[in-house]
Amino acid sequence: MNVGRVMSPTLALLVQREADIEAFASRPFYVPEITCGGFTASGEKLPDKAVAEKIRMESDGQAASVLSVEKQAKTVQPPRLYDLTTLQRECNRIYGYTAQQTLDYVQSLYEKKLATYPRTDSQYLTEDMQATAVSLVLWLRDNMPFGKGCAGEPDIGRVTDGGKVTDHHAIIPTAEIARTDLSGLPSGERDILTLIAARLLSATAQAHRFEAVTAVLDCRGHSFTAKGKTVLQTGWKEVERLHRMGLKQSKTEEKESEDAALPPLQEGQTFEKVSAGVREGKTSPPKHYTEDSLLAAMETAGTGDMPEDAERKGLGTPATRAAILEKLVSAGFVERRKKQLIPTEKGRNLILVLPDNIKSPVLTAEWESMLKQVERGELAADTFMGQIADMSRALVKEHHAPEERFSGLFPDAKRNGREAVGTCPRCGTSVYEGKKGFFCDNRDCSFALWKDNKFFSGKKKTITKPVAAALLKEGRVSMSGLYSGKTGKTYDAVVLLDDTDGKYVNFRLEFPAKKGRGK
């Protein structure tokens with residue numbers, strides 16, 4: 001099986017996301033709402049339907065009064081110009097193009113002298129390009145349908161910063177666009193050329209300004225909130241709107257859930273006989289990766305674990321990420337399902353086998369740093385290669401029996417040959433340790449003790465195997481050094497497993513009586 005310092009961590013991201021989706025247990029929620037004066041205000045999201053229904057019954061047909069009205073002027077600055085990764089993400093989101101298709105199309109535009117160099121990680125222009133950029137923007141305003149959305153002088157300054165340009169500047173059209181019949185281009189190239197033209201206009205247009213309004217209402221002692229917005233200046237979003245209107249696709253995934261404008265409201269205002277209801281929903285699992293979201297994840301993968309002075313962060317470069325995704329697909333580790341990228345059984349098995357450091361983006365950062373040292377003459381090339389050889393020998397020698405180390409990545413994985421941690425309090429089946437927590441072996445049972453659950457992490461603790469064993473056997477465990485977020489101090493207490501409703505795993509604290517309390 002193929003292993004690579006960029007490919008393997010990228011595959012690990014996909015496999016982990018699928019594990020999170022499979023482990024997710026959807027929970028219903030209920031939101032009481034009131035409708036008054038042509039708008040709707042919502043209460044808190046509640047897990048108990050009976051509680052939401054009680055609020056509905058108490059509010060329906062009653063009067064509601066406005067407790068507060070908060071208005072806040074907000075500004076959304078124009079987007080930056082495209083580098084290759086952001087262009088690939090946008091093309092996947094809008095057109096469904098793969099990262100490789102986008103690279104191929106924009107490379108062809110570059111060769112036809114219609115677009116600038118594509119393999120760039122910069123979103124800015126250099127100072128010597130300003131005059132050319134202004135002329136190009138003015139031509140696009142006059143000749144592109146979405147150019148009508150622009151007003152005022154183009155702000156070239158906000159997209160100009162030579163200090164943020166490394167090898168190549170951002171991707172923009174060239175002046176050759178004015179002498180080209182765009183209808184003669186292949187559809188993919190035309191899509192991308194108009195997209196980068198629209199982005200240049202958006203990036204140099206006025207800011208989008210609006211007033212956000214939040215109103216809090218009271219009805220029979222229950223609080224409801226309504227939100228709305230009033231656009232003060234459309235700005236760059238008008239370019240974006242006109243460009244989207246011209247797309248062949250009837251719909252895109254980028255439709256924004258804009259809050260409608262609220263009617264004029266004042267504190268103390270009263271609405272008689274409001275209509276109340278309950279909106280039902282379910283919590284949603286994490287979404288499958290698309291090329292758009294995976295490219296974004298690759299850009300930031302492992303950043304928190306890397307030193308601030310790392311030469312390069314994330315996985316791969318704008319020039320190589322598309323090829324990595326294609327290699328994962330062609331090697332049979334990943335398959336495309338419409339826009340989604342799904343790891344295959346072969347891909348899952350590879351990640352189960354691989355040692356942690358091979359799956360970590362930190363390894364790439366370390367190697368990049370060492371290669372820079374070689375380049376500057378600070379490290380001998382033989383020394384660098386020797387370290388890689390030593391690491392390879394150690395990996396082959398030390399790592400084996402991966403089913404032991406990586407079991408539990410998928411909660412429904414086989415448990416053969418491993419010792420149970422305890423017995424499930426819900427169904428009596430054995431509970432086994434996995435990478436993320438301790439899971440019931442019954443596939444129809446959702447009981448799980450997650451190692452990173454909020455109760456323990458808030459107290460700067462984690463559920464270890466001994467802690468899990470005690471909770472499963474006795475329903476309680478004594479712990480010391482629990483952290484208090486209020487006082488900043490630590491304390492000792494007994495943690496109780498509270499799983500009485502059989503739906504959600506909860507925990508409670510019990511404090512032992514202190515000696516000498518009456519003194």
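For Glu153, the CD atom counts as loosely surrounded, since its 6.0 Å shell holds 12 or fewer non-hydrogen atoms of other residues, nucleotides or ligands. Within 6.0 Å of the CE atom in Met385, the count of heavy atoms belonging to other residues, nucleotides or ligands does not exceed 12. Around the NZ atom of Lys460, the shell of radius 6.0 Å holds no more than 12 heavy atoms that belong to other residues, nucleotides or ligands. For Tyr110, the OH atom sits in a loose shell: 12 or fewer heavy atoms of surrounding residues, nucleotides or ligands are nearer than 6.0 Å.
Checked by atom type and distance alone, the side chain of Asp441 never pairs as donor or acceptor with a backbone atom of Tyr432 at under 3.5 Å. Of the possible polar contacts, one joining the Ser457 side chain to the Asn453 backbone as a donor-acceptor pair under 3.5 Å is found. At distances below 3.5 Å, at least one donor-acceptor pair connects side-chain atoms of Lys339 with backbone N or O atoms of Arg93. Between the side chain of Ser8 and the backbone N or O of Ile358 there is no donor-acceptor pair closer than 3.5 Å. No donor-acceptor distance shorter than 3.5 angstrom exists from the side chain of Thr320 to the backbone of Gly316, with no hydrogens or angles considered. Judged by distance alone, with hydrogens and angles left aside, the side-chain atoms of Thr160 form no donor-acceptor pair with the main-chain N or O of Glu127 at under 3.5 Å. Here the side chain of Arg321 pairs no donor or acceptor atom with the backbone of Thr85 at under 3.5 angstrom. Within the 3.5 Å criterion, the main-chain N or O of Ile172 finds a donor-acceptor partner in the side chain of Thr116. For Thr120 (side chain) and His169 (main-chain N/O), a donor-acceptor pair under 3.5 Å exists by modelled atom type. Under a 3.5 Å cut-off, the side chain of Lys397 and the backbone N or O of Ser392 do not form any donor-acceptor pair.
Taking 4.5 Å as the limit, some side-chain heavy atom of Trp367 sits within range of a side-chain heavy atom of Arg5. Val505 is listed as a side-chain neighbour of Leu497, based on a closest heavy-atom distance under 4.5 Å. Side-chain contact check for Glu189 versus Val106: every heavy-atom pair is 4.5 Å or farther apart. Looking at heavy atoms from C-beta onward, Trp139 lies out of side-chain contact with Val134 at the 4.5 angstrom threshold. A 4.5 Å side-chain heavy-atom check between Asp121 and Thr317 finds every atom pair outside the cut-off. Side-chain contact between Leu472 and Val421 is present, with at least one heavy-atom pair separated by less than 4.5 Å. Residues Arg158 and Thr204 have side chains not in contact (no heavy-atom distance under 4.5 Å, counting atoms from C-beta outward). Between Glu366 and Leu363 there is a side-chain heavy-atom pair separated by less than 4.5 Å.
Side chain to side chain, Gln340 and Thr290 fail the donor-acceptor criterion of an N or O pair below 3.5 Å. Side-chain polar atoms of Asp191 and Tyr97 form a donor-acceptor pair below 3.5 angstrom. Between the side chains of Gln88 and Asn92, no donor-acceptor pair of N or O atoms lies under 3.5 Å. Between the side chains of Arg119 and Gln107, at least one donor N or O sits under 3.5 Å from an acceptor N or O. A side-chain donor from one of His288 and Glu18 sits under 3.5 Å from a side-chain acceptor of the other. Thr132 and Ser135 share no side-chain donor-acceptor pair at under 3.5 Å. Counting only N and O atoms by type, the side chains of Asp83 and Thr86 include a donor and acceptor under 3.5 Å apart.
Across Cys150 and Leu201, no two heavy atoms sit closer than the pair SG-CB, 4.0 Å. When all heavy atoms of Leu136 and Pro173 are compared, the closest pair comes out as CD2-O, 3.1 Å. Minimum heavy-atom separation, Leu315 to Pro9: CD2-CB, 3.6 Å. Lys287 and Ile21 make their closest contact through C-CD1, 4.0 Å (heavy atoms, listed as atom of the first residue, atom of the second, distance). Pairing each heavy atom of Ala448 with each of Trp450, the nearest pair is CB-NE1, 3.6 Å. Nearest heavy atoms, Ile196 versus Ile171: CD1-CG2, 4.1 Å.
With a 6.0 Å cutoff to the six-membered ring centre and a 45° limit on the axis angle, Arg426 does not count as a cation-pi contact of Phe447. A cation-pi geometry, defined here as NZ or CZ lying under 6.0 Å from the six-membered ring centre and within 45° of its normal, holds between Lys451 and Phe438. Phe455 carries Lys459 over the face of its six-membered ring, with the cationic atom under 6.0 Å from the centre and within 45° of the normal.
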Determine whether Arg89 and Glu291 satisfy the following criterion, side chain to side chain contact (heavy atoms under 4.5 Å, CB included), listing intermediate values before the conclusion. CA-CA 7 Å; Arg89 291 182 56 195; Glu291 294 205 18; over 6 Å; no
Yes or no on side chain to side chain contact (heavy atoms under 4.5 Å, CB included) for Glu378 and Lys372, after CA distance, side-chain angles and deciding distance? CA-CA 8 Å; Glu378 299 170 0; Lys372 287 292 183 182; over 6 Å; no
Carefully, step by step, assess Phe384 and Leu371 under the rule side chain to side chain contact (heavy atoms under 4.5 Å, CB included). CA-CA 8 Å; Phe384 174 63; Leu371 285 169; 3.4 Å; yes
Run Arg199 and Glu90 through salt bridge (Lys or Arg N to Asp or Glu O under 4.0 Å) and show every step you take. CA-CA 11 Å; Arg199 176 52 68 96; Glu90 194 92 329; 3.6 Å; yes
Evaluate side chain to side chain contact (heavy atoms under 4.5 Å, CB included) for Thr462 paired with Phe456, printing each intermediate quantity in order. CA-CA 6 Å; Thr462 185; Phe456 280 83; 5.8 Å; no
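Atom NZ of Lys346 sits about 10.5 Å away from atom CG of Leu11, to the nearest 0.5 Å. Here the CG-CG distance, from Leu352 to Leu350, works out to 9.0 Å after rounding to the nearest 0.5 Å. Expressed to the nearest 0.5 Å, how far OH of Tyr95 lies from OG of Ser187 amounts to 10.0 Å. The CD1 atom of Ile94 sits 6.5 Å away from the NE2 atom of His243 when rounded to the nearest 0.5 Å. Rounding to the nearest 0.5 Å places CG of Leu13 at 11.0 Å from NZ of Lys359. The distance from atom CZ of Arg80 to atom OG of Ser202, rounded to the nearest 0.5 Å, is 15.0 Å.
The distance between the ring centers of Tyr491 and Tyr483 does not fall below 6.0 angstrom.
With sequence neighbours excluded, the residues satisfying ring pair (Phe, Tyr, Trp, His ring centres under 6.0 Å) with Phe210 are His208.
The side chain to side chain contact (heavy atoms under 4.5 Å, CB included) test with Cys91 is passed by exactly one of Thr98, Asp292, Leu195: Leu195.
A salt bridge is absent between Glu22 and Arg17: the closest approach of a Lys/Arg side-chain nitrogen to an acidic carboxylate oxygen does not fall below 4.0 angstrom. Between Lys113 and Glu111 there is no salt bridge, since no side-chain nitrogen of the basic residue lies less than 4.0 Å from a carboxylate oxygen of the acidic one. Looking at Glu238 and Arg141, no side-chain N of the basic residue comes within less than 4.0 Å of a carboxylate O on the acidic one, giving no salt bridge.
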